Amino acid sequence: MKQIQKAAELQQAVHQAKDNGLQIGLVPTMGALHEGHLSLIDRALRENDLVVVSLFVNPIQFNNKEDLKKYPRTIEADLELIKNLELRIKNEAQATEVLAFTPSVAEVYPDGEPTEIVYHFGPVEEVMEGPRRPGHFNGVAVVVRRLFDLAQPTRAYFGEKDYQQIAVIRALLEQIKYPIELVPCPIVRADDGLALSSRNMRLSPAARQMAPAINATLEQAAEMSEYEEVDDVKEWVLDTLASYHEVNDCPDGLRFEPEYFEIVDAVTLQPIATWDDAGEHGAVGCIAVWLDGVRLIDIVKF
Ligand code: PAF
C-alpha cells in the first residue's frame, strides 16, 4: 500500500498504469473504515490490477455542518486496515498495488468548493434521502466525478447500504458517459444484524444494543411481504419501530424515531403501490431511523 496525498501524484500513477494496460478499481470512501468498506476493497483487489482507495470526508455532501464536524476521522487506523487486508489476501488478489488517496480539501477542490456545478438526476433523487438532505447527492456526484477523473477506474465499488447513492451514481455515469463499470456490493452486517456504518461508532452502548431491531424488523417485513399488501407492510414497519420503546425495555429513554420507510422499485426507486408494480428487478425497502441522535439507514430486498 502506498499513501498518496497529492492529486497530481495520483494522476501520474494512474497514467502509468493505463499506459501498461492495467485495469484500475476505485473504492471511494470517507474513511472510518469497517468490514463493509474492507469487503469492497477485497473485491476490488480480486478484480483489478491496481486499486485506488480514496479516504476523503467530502464537505460539500454534508447538508448538516454538525454531522460534518462529528464525522469520525481515523486515517492511521484506516491505513493499517488496508495494509492488513492486502497481506491477508495477497495470494488470491489480482492487484499488485493499492494506492490510498488521502487528499486535503484544497487538493480535491483547488478552486474552492464548486458551488456552481448542479446536476439533475430526475426521479431517483427526488425521493427518500433527496428532499430530506438538500444538496447531498449533488455533493456526492461532484466528488465522485472528480475521483473518476483522477483515478480513471475500470470499475468503481459502492456499498448497497447507501442504496439511493448507487442509483444516483448510475444516473451520473449515464450523463457523463464514462466507461466505468459500477459494482454494487452487498451490505455487511454485524453478527446481530446491524448494518455496518461509520456512524455506529456514535451510538451509546445501550443504543448499540437496541439498533439491531431495525434489521430484525426489516427481515420480518420481508416475510410479511409474502402475504400482506405493500401499504400494510410499510405501516407495520413504521409502527413497530416508533412504538418499540412502549413494548420493550429501553434504557435511558431511548426510542426509535423513523424518518421514512419506503418500498420502491429496485432500479427506478419510485414507490410502488402493489408488489406487481416493481419491475423485473424487484422491490427494495429503504429506511432512515433516528436513534440516540444518530441517523441510521438500512435496506431490505423483497
Ligand atoms: O458513500 C460514501 O462514503 C460517500 O458518499 C462517497 C461515495 C465516498 C463520496 O464521498
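This structure is a prediction, so every number in the text was calculated from the model and none was measured.
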Do [X] and [Y] make a side-chain contact, defined as non-hydrogen atoms from C-beta onward lying under 4.5 Å apart?
X: Asp231; Y: Glu235; value: no
X: Val264; Y: Val127; value: no
X: Leu85; Y: Asp42; value: yes
X: Val142; Y: Tyr109; value: yes
X: Leu81; Y: Ile41; value: no
X: Gln5; Y: Phe101; value: no
X: Leu99; Y: Val53; value: no
X: Pro103; Y: Lys6; value: no

If the threshold is 4.0 Å, N to carboxylate O, is there a salt bridge linking [X] and [Y]?
X: Lys83; Y: Glu86; value: no
X: Arg295; Y: Glu129; value: yes
X: Asp78; Y: Arg73; value: no
X: Arg170; Y: Glu174; value: no
X: Arg202; Y: Asp67; value: yes
X: Arg255; Y: Asp292; value: no

Testing the 3.5 Å rule here: is there a donor-acceptor pair between the side chains of [X] and [Y]?
X: Gln94; Y: Asp49; result: yes
X: Asp298; Y: Tyr163; result: no
X: Gln61; Y: Asn58; result: yes
X: Glu259; Y: Trp290; result: yes
X: Asp277; Y: Thr274; result: yes

Atom [atom1] of [X]: over 12 foreign heavy atoms under 6.0 Å:
X: Lys65; atom1: NZ; result: yes
X: Glu246; atom1: CD; result: yes
X: Gln209; atom1: CD; result: no

Report yes or no: do [X] and [Y] belong to one cluster of Ile/Leu/Val/Met/Phe/Trp/Tyr joined by side chain heavy-atom distances under 4.5 Å?
X: Leu241; Y: Ile263; result: yes
X: Ile89; Y: Leu79; result: yes
X: Met201; Y: Val294; result: no
X: Ile180; Y: Phe137; result: yes
X: Val108; Y: Val27; result: no

Whether Asn138 side chain and Ile117 backbone form a donor-acceptor pair below 3.5 Å: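 Yes, Asn138 side chain to Ile117 backbone: donor-acceptor pair under 3.5 Å.
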Indicate yes or no for a side-chain donor-acceptor contact from Glu181 to the backbone of Thr154 under 3.5 Å, with no hydrogens or angles considered.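 Answer holds: no.
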Run Val57 and Leu68 through side chain to side chain contact (heavy atoms under 4.5 Å, CB included) and show every step you take. CA-CA 8 Å; Val57 181; Leu68 170 61; 3.8 Å; yes
Anything under 30° is parallel, anything over 60° is perpendicular, the rest tilted; go ahead and classify Tyr178 against Phe148. tilted
Working to the nearest 0.5 angstrom, can you tell me the gap between [X] [atom1] and [Y] [atom2]?
X: Leu40; Y: Glu160; atom1: CG; atom2: CD; result: 10.5 Å
X: Lys301; Y: Ile187; atom1: NZ; atom2: CD1; result: 8.0 Å
X: Met128; Y: Phe261; atom1: CE; atom2: CZ; result: 10.0 Å

Ring centroid separation Tyr71 to Phe62 under 6.0 Å: yes
Could you give me the CA-CA distance, side-chain angles and deciding distance for Asp192 and Arg208, then say whether salt bridge (charged side-chain N to carboxylate O under 4.0 Å, His left out) is met? CA-CA 10 Å; Asp192 57 16; Arg208 174 62 190 81; 3.0 Å; yes
Could you please spell out the steps behind the salt bridge (charged side-chain N to carboxylate O under 4.0 Å, His left out) verdict for Lys2 and Glu97? CA-CA 8 Å; Lys2 184 172 174 214; Glu97 188 160 33; 5.8 Å; no
